[in-house]
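A, B, ... follow the sequence lines: proteins, then strands. Residue 1 opens every chain. What's counted below: heavy atoms across the whole structure, side chains too, no hydrogens, waters or symmetry copies.
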Protein chains: 2
Amino acid sequence: MLGDRWSLLIIRDMMLRGSRTFKEFLDSYERIATNILADRLRKLISYGVITTEPDPTDGRKRIYLLTEKGIALAPVMTEMVLWAADHEETGNQALVRLMREDKEKFLAGVRRRWAESRSRE
Amino acid sequence: MLGDRWSLLIIRDMMLRGSRTFKEFLDSYERIATNILADRLRKLISYGVITTEPDPTDGRKRIYLLTEKGIALAPVMTEMVLWAADHEETGNQALVRLMREDKEKFLAGVRRRWAESRSRE
DNA sequence: CATATCACTTGCATTTTGCAAGTGAAGTAT
DNA sequence: ATACTTCACTTGCAAAATGCAAGTGATATG
């Protein structure tokens, strides 16, 4: 289900970078094709990992949000980022520092921000 | 690098099920084609996640082993298994119970068994 | 009203995957 | 010693997934 090149990157962008719209996903530096992005979003919705709704402030946009099942991937993402930081190219240094300082606190923050952005909808 | 359907499953089998040979990977219930398996093993080696050496007790076999970089994926795997147990089909119940009881202890056990199997080579 | 932005879709070429059937080296049984 | 089996692959080809470029239609902006 997460066994493809893009799904986890989309979730990472939602969780850690706060991406919410089609265009924001496209602008993440890894260049995903628009048809593939549309397909992955559709699949993530069908798996129950994200949901979507129209943007109330701009009728052209759709907002994509993580579900509970989606935000529950935060520990997986965190461990992946930490592993990559140790063994691959260096990613977001500030984020990695926060994760290392206090992993539980970091995860609580991720989940709190998620809950807040949901309640605003 | 882990963005494909099979690489993480191979690593999971090595880490959690103790698979070490080509045939053992094939016998994991997810049916991977032999050409793809050979390709993924080659790529995992080139990424430095696993190594391989001949089996001293059977000249036909090759033994595949996780490197330090590979075993460092244990926390990622653990979180994935826990997430899947909560949100997808139920996997290995006994393993999940162990992980939940004491994650740190579980991870220490994984790493200890890895170190022991390495020193025997 | 004209132009731009956004979230897509379509058509087609390229790449990756999967399947079935080998191959060669080494081990096992008779 | 010879035949048969096991093991770790490779090869050839079909099918599926991916990537690219160029739309499309709805909404927003100047």
task: Under 4.0 Å between any heavy atoms, over every strand shown, what does B/Asp58 touch: base, sugar-phosphate, or nothing? Just pick one.
output: sugar-phosphate

query: Where the side chain of B/Arg40 is defined as all heavy atoms beyond and including C-beta, which of C/dA4, C/dT17, C/dA26 is the nearest nucleotide?
result: C/dT17

- line: Taking for A/Thr57 and for A/Arg5 the nucleotide of DNA chain D with the nearest heavy atom, the one nearer the 5' end belongs to A/Arg5

query: Please give, in whole Å, the distance from C/dC6 C1' to A/Leu37 CG?
result: 12 Å

query: Is it the case that more than 12 heavy atoms not belonging to A/Lys69 sit under 6.0 Å from its NZ atom?
result: yes

message: Tell me the interatomic distance from B/Arg31, atom CZ, to C/dT17, atom C1', rounded to whole angstroms.
response: 16 Å

query: Expressed in angstrom and rounded to an integer, what is the separation of A/Ile45 atom CD1 from C/dA7 atom P?
result: 13 Å

query: Would B/Glu24 and B/Lys61 count as a side-chain contact (heavy atoms from CB on, under 4.5 Å) if you check the C-alpha gap in whole Å, the side-chain angles of each, and the deciding distance to 0.1 Å?
result: CA-CA 11 Å; B/Glu24 285 172 334; B/Lys61 296 186 184 173; over 6 Å; no

message: If I take atom CD1 in residue B/Ile32 and atom P in nucleotide C/dT16, what distance separates them, rounded to the nearest angstrom?
response: 16 Å

- request: In whole angstrom, give the distance that lies between atom NZ of A/Lys61 and atom P of C/dA4.
  value: 18 Å

B/Ile36 CD1 to C/dT15 P, straight-line distance once rounded to whole Å: 16 Å

query: B/Ile50 pairs by side-chain contact (heavy atoms from CB on, under 4.5 Å) with which of B/Ile10, B/Leu41, B/Ile71?
result: B/Leu41

task: Give the nucleotide from the list C/dG11, C/dT17, C/dA26 with an atom nearest to the side chain of B/Asp4.
output: C/dT17

- request: Determine: side-chain N/O of B/Trp6 to OP1/OP2 of C/dT17, distance under 4.0 Å, yes or no.
  value: no

- request: Could you check how far NZ of B/Lys43 sits from C1' of C/dT17, rounded to whole Å?
  value: 11 Å

statement: Rounded to the nearest 0.5 Å, the CG atom of B/Leu8 sits from the CG atom of A/Leu2 at a distance of 9.5 Å

message: Rounded to the nearest 0.5 Å, what separates atom OG1 in B/Thr51 from atom CZ in B/Arg118?
response: 4.5 Å

- prompt: What's the CD-C1' distance between A/Glu53 and C/dC6, to the nearest Å?
  reply: 17 Å

field: A/Arg111 side chain near A/Glu68 side chain, heavy-atom distance below 4.5 Å
entry: yes

message: At a heavy-atom distance below 4.0 Å, which nucleotide of DNA chain D is the first touched by chain B, and which is the last?
response: D/dT6 to D/dG12

message: I'd like to know if A/Asp86 and A/Arg100 make a salt bridge, using a cut-off of under 4.0 Å between side-chain N and carboxylate O.
response: yes

